[in-house]
Amino acid sequence: MEINLCYKTYPFKISLAACKQFAEQSGTDLQYALLKYIEATADTKGMGAIERMAYLQSIFTFDIASKLLHSLIKQENKNIPLVEIQDAMFKVSWLPTEDDSVLCQPWPLVMIDVATQVNTYFNDNLPKKKD
């Protein structure tokens, strides 16, 4: 799985360690946080761009969202500092721009993409029931 943020691609993975790190840093459950972004996808259908971005940004603060992304990225690359993720999120801002490349999406849309990737991962990797 990959996070595309500010013209850079970060490999990431969901793990128990990522969940624990995020909970320690934010006091919030990582899976719950991702579920809120999946839920928001349905809630924001039909909204204009500004209204949708405001709704998505209201789910969690910039600080909590950056810690969520960092906890996932850190599982694949322990050398990426939190400040690098925060800087990238700041640069892509909270509203879409004329450059509609997947590499420069506003951070609330990156959160939806990450949540969708994690959901797909879990759906594809559920343990199979033994007969």
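What you see is a predicted model, and the numbers here were worked out from it, not measured in a lab.
Summarising the geometry of Met1 relative to Lys13, their closest heavy-atom pair is CE-CA, 4.0 Å, with the distance given to 0.1 Å. Scanning both residues, Gln75 and Ser15, for their nearest heavy atoms gives OE1-OG, 3.2 Å. The minimum heavy-atom distance between Asn4 and Val110, with the atom names listed, is O-CG2, 3.6 Å. Annotation for Gln117 and Glu2: closest pair NE2-O, 2.8 Å, computed over non-hydrogen atoms. Closest approach of Cys6 and Lys91 over heavy atoms only: SG-CB, 3.7 Å.
Under the 4.5 Å side-chain heavy-atom criterion for Ile, Leu, Val, Met, Phe, Trp and Tyr, Met89 and Tyr55 are members of distinct hydrophobic clusters. Taking hydrophobic clusters as Ile, Leu, Val, Met, Phe, Trp and Tyr residues chained together by side-chain heavy-atom distances below 4.5 Å, Phe90 shares a cluster with Ile73. A single hydrophobic cluster is seen to contain both Tyr32 and Phe22, as judged by linkage of ILVMFWY side chains at heavy-atom distances under 4.5 Å, directly or through other members. Each of Ile38 and Met111 belongs to its own hydrophobic cluster when Ile, Leu, Val, Met, Phe, Trp and Tyr are linked at side-chain heavy-atom distances under 4.5 angstrom. Residues Leu16 and Phe12 fall into different hydrophobic clusters, defined by Ile, Leu, Val, Met, Phe, Trp and Tyr side chains chained together at heavy-atom separations under 4.5 Å.
With rounding to the nearest 0.5 Å, the separation of CD1 in Ile112 from CZ in Arg52 is 4.5 Å. Rounding to the nearest 0.5 Å gives a distance of 11.0 Å between CD1 of Ile85 and CG of Leu68. Here Lys67 contributes atom NZ and Leu30 contributes atom CG; the two are 13.5 Å apart, rounded to the nearest 0.5 Å. How far NZ of Lys36 is from CG of Asp43: 7.5 Å, rounded to the nearest 0.5 Å. Within the model, atoms CD of Gln31 and CG of Asn119 stand 10.5 Å from one another, a figure rounded to the nearest 0.5 Å. We find the CG-CG distance between Asp87 and Leu82 to be 11.0 Å, quoted to the nearest 0.5 Å.
No donor-acceptor pair under 3.5 Å is formed between the side chain of Glu76 and the backbone N or O of Leu72. Not one N or O on the side chain of Gln57 forms a donor-acceptor pair closer than 3.5 Å with the backbone of Pro108. Although no hydrogens or angles enter the test, the distance criterion places a donor-acceptor pair under 3.5 Å between the side chain of Thr61 and the main chain of Ile64.
The shortest side-chain heavy-atom distance between Ile14 and Cys19 falls under the 4.5 Å cut-off. Taking 4.5 Å as the limit, every side-chain heavy atom of Asp29 sits out of range of all side-chain heavy atoms of Leu35.
In this structure, Tyr37 and Phe60 have tilted ring planes: the angle between them lies in the 30° to 60° band.
One side chain, Gln86 or Ser66, offers a donor N or O that lies under 3.5 Å from an acceptor on the other.
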Requested in this report: Check the pair Leu109 / Met53 against side chain to side chain contact (heavy atoms under 4.5 Å, CB included), numbers first and verdict last.
Outcome: CA-CA 8 Å; Leu109 294 181; Met53 291 300 108; 3.4 Å; yes
Requested in this report: Check step by step if side chain to side chain contact (heavy atoms under 4.5 Å, CB included) holds for Leu5 and Tyr10.
Outcome: CA-CA 8 Å; Leu5 186 61; Tyr10 298 92; 4.2 Å; yes
